[in-house]
Every structure is written in C-alpha cells, then in structure tokens.
Amino acid sequence: MAYRPATIEELAEMIRDAAVHGRSLAVSGTGSRPGIGPGAADADLDLTGLGGSIDHDPGELLLTLPASTPLDHVEKLLAQSGQCLAFEPPSPDAIWGLGHGTIGGAVASGLSGPRRPFAGACRDHVLGLSGVTGRGEIFTAGGKVLKNVTGFDLPRLLTGSRGTLAVLTQITLKVLPLAPAQATLQLPADTAAKAVRIMADALMVDGGITGAAWSEGEVQLRIESSPAVLPALVDAARARLPASRLIEGDASRGLWTAIASLYGHVQADEIIWRCPLPASRAPALAALLPPDARLRLDWAGALAWVLLSAGAADLDLHALVAQAAGRDGHAERLRGPASPIPARAPLEPGLAALSARVKAQFDPAGILSPAAAPGGAA
C-alpha cells in the first residue's frame, strides 16, 4: 500500500487514518537515503506529490521552499545568486546510487558536510518548518527571521528526526554567500595521528580555513576568501605547515564536493560506517581497525568514515568507537549486507526514555517511520 498526497490537508487526513487503524508509514521523498531512511512499514508515504512555490530573498539570505524540492535544484538556484547552503549537505548518491534526494531529506537526515565545524550544523541553518505531526496536526514552527524564540525550538528538534516525529512539508533556511575564491592545500600525512596534529596546528590560526580532511595519506585544507586576500592566506598557511601542493578554483571546489559526498572514494561493495567522535580520539579508532579497513577523516578529524570489505560485516564498530572515544562518539552503518551488528546501537536507558516521551508527544500511535526511530530496526 502506498499514499501519495497532493496537498497538506490530504497528508494530514492520511496520517489520521493510519493512526486510527494502527498502520505504520514509511515516510520518504525520492527514497535516496535507504540506509538512514524509514525502513519497513505497513505502507509507504510518498511526499513527492507535495509541491509549492519557492521564495528566495537573496538580500535577506533567506530561502523558503517545499520539502520535496530536489537538493541539486536548490544548490543551482542559490549559486545563480552567489549563495549556498552553508552546512554543505552531502549528496547521498555516491553511497546509495539513488540520486541527490530532496531538501526535505537533507534536513530530516540532519547530515552536514565539511563546513560543519566552521559554519555550524544543518540544524543551525533551519529557521522554520511546516508539516504534519503523527497526530495528523498541521503546524508551522519558527519563521523567516534570524532570531525567533517564541515557544519551543521545533526546527532544531525536528531537524535530523528522520521522519519519526513529523512529516516536513515546507522549510525556511538561512543561506550564506559563496566564497568568491577558494584554494586547497594538500599535505602528506601517513597516519591518522599525524593528520589530526597537522589539522589542529592549521586551525590554531584564523586563516580562512573552511575545510580540513584526510584520506589516503594526505591532508586537505580548504581556504576561502576574496581573490585579493586569498594568496596571502595561502602563503601564511604554507609558511607554518609542512610542504604542500596547491589546488585552486574549480579543481578545489570539485575536490570538496567529492569529500563531502564520498564521490570516487567508495567501492560498490564496501560497507560504510559514519562515526562522529572527538578529533583527538580519531587516532585511537584508527589503531583498532583491521589492516584492510580504509579510514577517511573530515571535520578536522571529528568525523571518521570507516570503509570495510564486504567480508567484514560482523565487525562491531559500535564497540570500537566506544573503546576509542567512550560516550563521546558513536557509529552508524549507512550501507552494508545483513549483519547481526545493528546499524545503530541501542540508546542508553535514560536517553531511550526521553526519546520515547518525545515520540509519544508528536506521534502517540507510533506510526511514523518506526524503524528509523532511535533503537528501531532499520
């Protein structure tokens, strides 16, 4: 069974009907993120039929649009005005091969790209949301202002909730200007420990760095500024860091598009784990991985991508991250074959109880993407 509402009123009625009959709904747009998507349910709730107008105010750095708007369309629209989504949402296509998805999927997943440590997370750029709760209630939260403190901060709560609390229909985002000039320094680092040290040294000085990553024995540092200032920032960075190679302009931008979304960096059958943790603990995680594992670091070392061969499906990354970082890190398997190791580790009892109370407030019948909820069997 599948639902495909054409209006928000139809959506609300469908959700109320499903709640009355105890019918769970797999909430999705284009289905581009199956590894963090709704999982199994009694019926599919296809949101691609929900349209609407786009309101872009370049002068106020505001963008309001339907949640069903394709992500690549949003990025092209903003680029025409010299602007961007500052949280640099990664495209899911390189991981799952199902397209770029929608802006609603990007906000619902809550994932942020390489700018995360420098420009903030996805939730920091979501100013307002409209949608329907699991009760079938139509709501609007936040607004088209940079500061809105009326009531609860629902935009931050619902960002990253993966369709388990409410179905998003419209989103208002804060956008930022694109940097007019960009360059990337590439520095050799044959271990994660050396890479983290280089990235930490680079970030001790405010030199226009907006990206710091490591893979395949090389640190990448992105520097952005005006064309007049960029050469001086690059020279200053090269003077205090190990010898480096320089990539500029479109080549640099292409490199960071690949870093954000893993384009060209994963093989078709590799298992992909995403592991946020303190940057200082990344070397400890690296030391625990098997020799054939491939490790990539982003967020100056605070995000580890662990790529495993298909034969390593039973490797417990939850345990390894806990050993390396304690409660300060966690792991999630985005792609891989069936395994006794869950994609997401169960929440601790206190957090599980809090999560259940929040879920009950928004979706008391538990019908919205139950397998995607914390502790759900995705």
Side-chain angles (χ1 to χ4, degrees), residues 58-59 61 75 78-90 112-122 124-125 146 173-265 276 278-280 282-283 296-305:
L61 300 175
E75 293 171 335
L78 291 174
Q80 291 172 2
S81 299
Q83 296 178 343
C84 67
L85 297 171
F87 62 96
E88 208 168 2
S112 305
R115 293 184 198 277
R116 167 67 174 84
F118 310 96
C122 175
D124 299 317
H125 300 270
L146 294 185
L173 296 161
K174 174 178 63 177
V175 300
L176 291 179
L178 279 167
Q182 180 186 125
T184 297
L185 293 179
Q186 296 182 307
L187 307 92
D190 58 358
T191 67
K194 290 180 181 178
V196 169
R197 188 161 56 249
I198 289 173
M199 290 187 285
D201 289 345
L203 296 179
M204 289 180 66
V205 178
D206 183 9
I209 294 177
T210 63
W214 173 75
S215 64
E216 299 171 1
E218 195 168 64
V219 168
Q220 297 93 24
L221 297 175
R222 178 173 59 190
I223 302 175
E224 294 180 313
S225 187
S226 67
V229 174
L230 184 63
L233 294 178
V234 169
D235 289 344
R238 299 183 94 170
R240 68 177 186 271
L241 295 171
S244 61
R245 293 186 295 115
L246 182 66
I247 299 176
E248 299 180 272
D250 289 342
S252 175
R253 295 184 185 92
L255 173 66
W256 286 94
T257 297
I259 290 172
S261 303
L262 299 183
Y263 279 117
H265 298 295
S280 62
R296 303 179 57 83
L297 298 179
D298 200 350
W299 300 359
L303 176 63
W305 293 98

TODO: Can you measure from CG (L61) to CG (L173) and round to the nearest 0.5 angstrom?
DONE: 12.0 Å
TODO: Of all the heavy-atom pairs spanning P180 and S226, show the shortest one and how long it is.
DONE: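 Minimum heavy-atom contact is CG-CA, 3.7 Å.
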Open item on the list: Could you walk me through whether R116 and L303 satisfy the side-chain contact (heavy atoms from CB on, under 4.5 Å) test, starting with their C-alpha distance in whole Å, then the side-chain angles of each, then the deciding distance to 0.1 Å, before giving a yes or no?
Closed with: CA-CA 10 Å; R116 167 67 174 84; L303 176 63; over 6 Å; no
Task: Polar side-chain atom of H125 near backbone of A119 as donor-acceptor pair, under 3.5 Å - done: yes
- [ ] With sequence neighbours excluded, tell me which residues meet side chain to side chain donor-acceptor pair (under 3.5 Å) with D201.
- [x]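 For D201, no residue satisfies side chain to side chain donor-acceptor pair (under 3.5 Å) once neighbours in sequence are set aside.
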- [ ] With sequence neighbours left out, write down each residue that passes side chain to side chain donor-acceptor pair (under 3.5 Å) with D235, or none if nothing qualifies.
- [x]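 Testing D235 for side chain to side chain donor-acceptor pair (under 3.5 Å), a comparison that skips the adjacent residues, returns none.
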Open item on the list: To the closest 0.5 Å, what do you measure between CH2 (W256) and CD (Q182)?
Closed with: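 If we round to the nearest 0.5 Å, W256:CH2 and Q182:CD are 8.5 Å apart.
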Task: Test item: P89 and E75 side chains (from C-beta on) under 4.5 Å apart, heavy atoms - done: yes
Task: W214 side-chain N/O to A189 backbone N/O, donor-acceptor pair under 3.5 Å - done: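 Judged by distance alone, yes, a pair lies under 3.5 Å.
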Task: Heavy-atom closest contact (L78 atom, C84 atom, distance) - done: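 Reported closest heavy-atom pair: CD1-C, 3.8 Å.
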Task: Qualifying residues under side chain to side chain donor-acceptor pair (under 3.5 Å), relative to T257, sequence neighbours excluded - done: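 For T257 there are no side chain to side chain donor-acceptor pair (under 3.5 Å) partners, ignoring immediate neighbours.
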Task: Contacts of W299 that satisfy side chain to side chain donor-acceptor pair (under 3.5 Å) - sequence neighbours left out - done: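 Scan of W299 (side chain to side chain donor-acceptor pair (under 3.5 Å), adjacent residues dropped) gives none.
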Task: Side-chain heavy atoms of T184 within contact of L221, under 4.5 Å - done: no
Open item on the list: Show the nearest heavy-atom pair for residues L203 and F118, with the distance to one decimal.
Closed with: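 Nearest heavy atoms, L203 then F118: CD2-CE2, 3.6 Å.
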- [ ] For residues S81 and P58, report the shortest heavy-atom separation together with the two atoms involved.
- [x] OG-CG, 3.9 Å
- [ ] Grab the two heavy atoms, one from V234 and one from A183, that are nearest each other, plus how far apart they are.
- [x] CG2-CB, 4.1 Å
Task: Residues which pass side-chain contact (heavy atoms from CB on, under 4.5 Å) with A181, listed by chain and number, not counting sequence neighbours - done: P227, L230
Open item on the list: Measuring from atom NZ of K174 to atom CG of D124, what distance do you get when rounded to the nearest 0.5 angstrom?
Closed with: 7.0 Å
Open item on the list: Closer than 3.5 angstrom, by distance alone: can the side chain of E88 be matched with the main-chain N or O of R115 as a donor-acceptor pair?
Closed with: yes
Considering only distance and modelled atom types, tabulate donor-acceptor pairs under 3.5 Å from the side chains of residues 239-251, sequence neighbours left out.
| unit_1 | atom_1 | unit_2 | atom_2 | d |
| --- | --- | --- | --- | --- |
| R240 | NH1 | A236 | O | 3.4 |
| R240 | NH2 | A202 | O | 3.2 |
| S244 | OG | R238 | NE | 3.2 |
| R245 | NH1 | Q186 | OE1 | 3.2 |
| R245 | NH2 | Q186 | OE1 | 2.9 |
| R245 | NH2 | E218 | OE2 | 2.8 |
| D250 | OD1 | R253 | NH1 | 3.2 |

TODO: For the pair R222 (side chain) and T210 (backbone), establish whether a donor and an acceptor sit closer than 3.5 Å, ignoring hydrogens and angles.
DONE: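 Yes, the answer is positive, given that a donor and an acceptor are paired below the 3.5 Å cut-off.
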Open item on the list: Contact between S215 and Q220 at the side-chain level, heavy atoms closer than 4.5 Å - yes or no?
Closed with: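 Yes - at least one pair of side-chain heavy atoms lies under 4.5 Å apart.
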Task: Which atom of G113 lies closest to which atom of D298, heavy atoms considered - done: C-OD2, 4.5 Å
